[in-house]
Amino acid sequence: MAASGMKLAVAVACALALASACHGLQLGYYKQSCPRVEAIVRDEVKKFVYKDAGIGAGLIRLVFHDCFVEGCDGSVLLDPTPANPKPEKLSPPNMPSLRGFEVIDAAKDAVEKVCPGVVSCADIVAFAARDAAYFLSRFRVKINVPGGRLDGRRSLDSDALNNLPPPNFNVNQLIGAFAAKGLDAEDMVVLSGAHTVGRSHCSSFVSDRVAAPSDINGGFANFLKQRCPANPTSSNDPTVNQDAVTPNAFDNQYYKNVVAHKVLFASDAALLTSPATAKMVSDNANIPGWWEDKFAKAFVKMASVGVKTGYPGEIRRHCRVVN
């Protein structure tokens with residue numbers, strides 16, 4: 001393609017906000033340097049997800065928690081060291097609930113055997129989340145995820161606290177938190193649908209939704225009271241399915257639960273408090289295929305937040321430590 005044609009293609013992709021070319025990312029980024037990478041990651045994800053659907057939910061959450069802190073740069077994967085004793089993964093929003101790290105390790109090991117030093121951990125996180133959504137949705141959610149992210153070297157627990165929206169945010173706070181990452185209100189509502197899979201610790205919702213007055217369905221509140229202590233502690237903090245109807249299916253049931261007031265978090269219920277977001281919830285709940293298509297597009301936008309495609313990025317040899 002001529003240089004002028006290439007520039008035009010990039011401009012169109014940026015305008016559509018679908019291909020992430022404006023961030024230096026490209027579909028088929030490893031076509032020449034590591035052509036089998038996406039198949040290798042998908043095979044590893046499949047092994048884990050078919051054994052435990054919860055791991056798939058963890059991988060989808062993992063990319064969100066990575067991208068909202070320091071951008072999509074694999075910073076959430078870094079282990080504590082004497083020089084950095086409190087990385088992101090030890091921050092309260094991530095510890096002990098974040099999971100899927102062993103899948104990223106397995107995928108990275110498999111990729112390194114074929115293409116050493118070529119594929120970033122950040123790209124593996126994005127590819128793994130895409131694949132988890134594909135398998136858990138019974139192949140309905142198909143996302144074209146570009147590659148080209150580099151791994152970051154900064155990872156601080158305070159950054160996670162400052163950037164990840166907590167489960168008690170109201171709708172305006174949620175919209176603001178997503179806007180700070182270049183994502184709009186519809187992206188926020190669509191990405192919230194990932195709460196259709198996975199589990200939550202009782203401590204994340206009991207005080208806001210069960211112990212205090214709220215709009216929660218009475219029968220659902222009683223169901224939660226049977227499973228959660230009134231005052232959860234670190235030694236007594238059970239988990240509950242975020243979607244009690246289809247807990248292992250990546251589908252639009254979450255939005256039906258929102259409408260029925262049968263959701264765990266105050267931030268979930270908050271989607272009904274604005275006419276604009278309430279309409280989005282209704283559409284996602286009632287129009288077949290609507291949410292799945294919108295999720296694929298919103299995921300690509302989220303997975304291009306703050307990417308590092310040059311200095312100070314690197315390609316880590318091991319995902320848990322900087323080079």
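Everything quoted here is computed from the prediction, not taken from an experiment.
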Test Asn286 against Lys256 for side chain to side chain donor-acceptor pair (under 3.5 Å), laying out the working first.
CA-CA 8 Å; Asn286 295 311; Lys256 299 174 184 178; over 6 Å; no

Could you tell me whether [X] and [Y] have a side-chain N and a carboxylate O separated by less than 4.0 Å?
| X | Y | answer |
| --- | --- | --- |
| Asp215 | Arg209 | yes |
| Asp131 | Lys46 | no |
| Arg140 | Asp251 | no |
| Arg317 | Glu112 | no |
| Lys308 | Glu314 | no |

Side chains of Ser75 and Glu70: do they bring a donor and an acceptor to under 3.5 Å?
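On atom types as modelled, these side chains do not qualify, holding no pair under 3.5 Å.
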
Go through the side-chain N and O atoms of Tyr30 and Asp123 and say whether any donor and acceptor fall under 3.5 Å apart.
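Side-chain D/A pair, Tyr30 to Asp123: present.
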
Check: Pro165 and Phe68 side chains under 4.5 Å, non-hydrogen atoms:
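Yes, close enough: below the 4.5 Å cut-off.
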
Around Asn231, counting heavy atoms of other residues, nucleotides and ligands shown, do more than 12 lie under 6.0 Å from its CG?
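No, CG of Asn231 has 12 or fewer neighbouring heavy atoms, counting only those of other groups under 6.0 Å.
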
For the residue pair His195 and Phe265, does the interplanar ring angle fall in the parallel (under 30°), tilted (30 to 60°) or perpendicular (over 60°) class?
perpendicular

Aromatic plane relationship, Phe220 with Phe223 - under 30° parallel, 30 to 60° tilted, over 60° perpendicular
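It falls in the parallel class, under 30°.
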
Using modelled atom types only, decide if a donor and an acceptor are shared between the side chain of His201 and the backbone of Thr239 within a distance under 3.5 Å.
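Side chain of His201 to backbone of Thr239, a donor-acceptor pair under 3.5 Å: no, none is there.
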
Main chain of Ile315, side chain of Asp151: is a donor-acceptor contact present, judged purely on distance under 3.5 Å?
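No, Asp151 side chain to Ile315 backbone: no donor-acceptor pair under 3.5 Å.
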
Please walk me through it: do Asp73 and Arg149 pass salt bridge (charged side-chain N to carboxylate O under 4.0 Å, His left out)?
CA-CA 7 Å; Asp73 67 347; Arg149 301 162 191 80; over 6 Å; no

Six-ring centre of Tyr134, Arg42 cation under 6.0 angstrom, axis tolerance 45°
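Yes, a cation-pi geometry.
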
As a quick check of understanding, evaluate ring-ring contact (aromatic ring centres under 6.0 Å, His included) for Phe135 and Phe250, giving each step before the final call.
CA-CA 8 Å; Phe135 291 124; Phe250 200 65; over 10 Å; no

